[in-house]
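Working notes, beginning with the structure itself.
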Amino acid sequence: MNHSMFTAVLLGAICVLVKAQAHIDIYVIACQTNDTAPEDEEQLDGDEMLYSDFKNGKVVITLPDFAQKFESPTWYASALANHGVCINNLDVAVQAENNPPEEIDPPQSTIYSRRKVELGKSNSLICFVNNFYPAPVKVKWTKNNVEVKDGVTLSRYYPNPDFTFQQFSTLSITPQEGDVYSCSVEHKGLRDPLTRIWEPEANNESDMAETAFCGIGLTLGLLGVGVGTFFLIKGNNCN
């Protein structure tokens, strides 16, 4: 894949910590010729450990609370220097290949709820956009055909192993019966926005009661068939 982006992926260390188990440490540096923010992050076995926030000029540790904490005071300065090297290498590569056409990969998307859906209770919808190039994408949410902007978040983009990207957007909701939500994704690889529809599906108390009564009725019916069969066999034996 000849993307017009220079990406340096370093397999920093492959350490055998326990018998027959290896861990892979990957340092990702990415830059593009457009105005998209650069990438600088550290991964361990595919999970992000930290990244450089170029907008706010700092390093963000993304390890979970139970992980061992660490600090890297010189990381951001190194990230700035590496970004300069990345831009220079990108310019050299583009000129050497005589300005090759940019390869474009359209995104795929899916929409799902963060938690089990209960009508009238707060929840979040997640629109996951994956396998697109170049970054970024534009995401628009609607509720009942009306655009929604409040309660919407958009993550930064994350690199995939094949040099495409993934990104996700969330929407805070309080679902009600009859609501219809949509997530529309715009990207230069799409002729029309890619739209996914989501409707709340939750069992209310009447549905649960109907299910319970149906289950009881079915159980009693099967029990009656079993008792009748038993007496029929006993009667035949007596004859």
Side-chain angles (χ1 to χ4, degrees), residues 1-32 36-87 89-90 93 103-116 123-137 139 153-170 183 185 187 189 196:
M1 182 174 291
N2 295 322
H3 290 142
S4 60
M5 175 190 73
F6 175 77
T7 304
V9 179
L10 304 180
L11 299 182
I14 303 179
C15 305
V16 179
L17 300 182
V18 294
K19 201 170 185 177
Q21 183 178 3
H23 296 274
I24 299 178
D25 181 29
I26 300 178
Y27 179 32
V28 179
I29 306 169
C31 59
Q32 299 187 67
T36 303
E39 279 286 335
D40 182 275
E41 70 168 355
E42 180 86 4
Q43 298 179 4
L44 179 62
D45 294 340
D47 293 325
E48 185 180 67
M49 300 174 63
L50 59 85
Y51 71 92
S52 297
D53 183 351
F54 289 96
K55 182 178 180 179
N56 297 306
K58 63 179 182 179
V59 173
V60 179
I61 307 295
T62 54
L63 289 174
D65 294 337
F66 58 80
Q68 182 178 355
K69 299 301 181 182
F70 69 94
E71 295 183 358
S72 184
T74 63
W75 186 282
Y76 186 70
S78 297
L80 289 175
N82 289 332
H83 176 56
V85 173
C86 183
I87 290 294
N89 290 343
L90 177 59
E103 187 166 339
I104 297 176
D105 294 318
Q108 302 167 351
S109 69
T110 184
I111 182 173
Y112 54 93
S113 61
R114 182 184 298 274
R115 296 180 297 275
K116 182 179 179 180
N123 206 328
S124 295
L125 288 182
I126 300 173
C127 186
F128 179 61
V129 189
N130 198 15
N131 299 325
F132 61 89
Y133 184 89
V137 294
V139 179
T153 68
L154 181 64
S155 75
R156 62 191 184 86
Y157 63 93
Y158 298 89
N160 290 320
D162 62 354
F163 302 125
T164 61
F165 297 107
Q166 58 177 270
Q167 199 166 12
F168 61 89
S169 177
T170 65
C183 167
V185 178
H187 183 260
R196 301 296 184 194

Passes side chain to side chain donor-acceptor pair (under 3.5 Å), Thr170 versus Thr153? Steps please. CA-CA 5 Å; Thr170 65; Thr153 68; 2.3 Å; yes
Quick one: side chain to side chain contact (heavy atoms under 4.5 Å, CB included) partners of Asp47, sequence neighbours excluded? none
Atom pair CG/CD1 of Asn82 and Ile29 - distance to nearest 0.5 Å: 4.0 Å
Measure the OH-CG distance between Tyr27 and Leu50 for me, rounded to the nearest 0.5 Å. 9.0 Å
Student check: side-chain heavy atoms of Gln167 and Leu154 closer than 4.5 Å: yes
Check the pair Val28, Gln43 against side chain to side chain contact (heavy atoms under 4.5 Å, CB included), reporting the backbone distance first and the verdict last. CA-CA 8 Å; Val28 179; Gln43 298 179 4; 4.3 Å; yes
Give me the atom names and distance for the closest heavy-atom approach of Ile87 to Cys31. N-SG, 3.6 Å
Can you name the residues that form a ring pair (Phe, Tyr, Trp, His ring centres under 6.0 Å) with Phe168, not counting sequence neighbours? none
Which atoms form the tightest heavy-atom contact between Ile111 and Cys183, and what is the distance? CD1-CB, 4.0 Å
When rounded to the nearest 0.5 Å, the distance separating OG1 of Thr110 from CD1 of Ile126 is 10.0 Å
Are Ile61 and Met49 close enough that some pair of their side-chain heavy atoms sits under 4.5 Å apart? no
With sequence neighbours left out, the residues meeting side chain to side chain contact (heavy atoms under 4.5 Å, CB included) with Asn130 are Phe128, Asn160, Gln166
Taking every heavy atom of Gly189 against every heavy atom of Ile104, the minimum-distance pair comes out as CA-CG2, 3.4 Å
Using 0.5 Å steps for rounding, measure from the CG atom of Asp25 to the CG atom of Asp45. 9.0 Å
Not counting sequence neighbours, which residues clear salt bridge (Lys or Arg N to Asp or Glu O under 4.0 Å) with Arg156? List them please. Glu39, Glu41, Glu48
Which pair of heavy atoms, one from Pro136 and one from His187, lies closest together, and at what distance? O-CD2, 3.6 Å
Set of side chain to side chain contact (heavy atoms under 4.5 Å, CB included) partners for Asp53, sequence neighbours left out: Tyr51, Lys55, Asn56, Lys58, Val60
Identify all side-chain donor-acceptor contacts of residues 72-80 below 3.5 Å with residues at least two apart in sequence or on another chain.
from	atom 1	to	atom 2	distance (Å)
Trp75	NE1	Asp40	OD1	2.8
Trp75	NE1	Ser52	OG	3.4
Ser78	OG	Thr74	O	3.2

For residues Pro38 and Phe54, determine if any side-chain heavy atom of one lies less than 4.5 Å from a side-chain heavy atom of the other. yes
Please tell me if the side chains of Asn123 and Leu125 come closer than 4.5 Å, counting only heavy atoms from C-beta onward. no
Tyr133 and Phe165 aromatic ring geometry - parallel, tilted or perpendicular at 30°/60° bounds: parallel
Could you check whether any side-chain heavy atom of Leu44 comes within less than 4.5 Å of a side-chain heavy atom of His23, counting everything from C-beta outward? yes
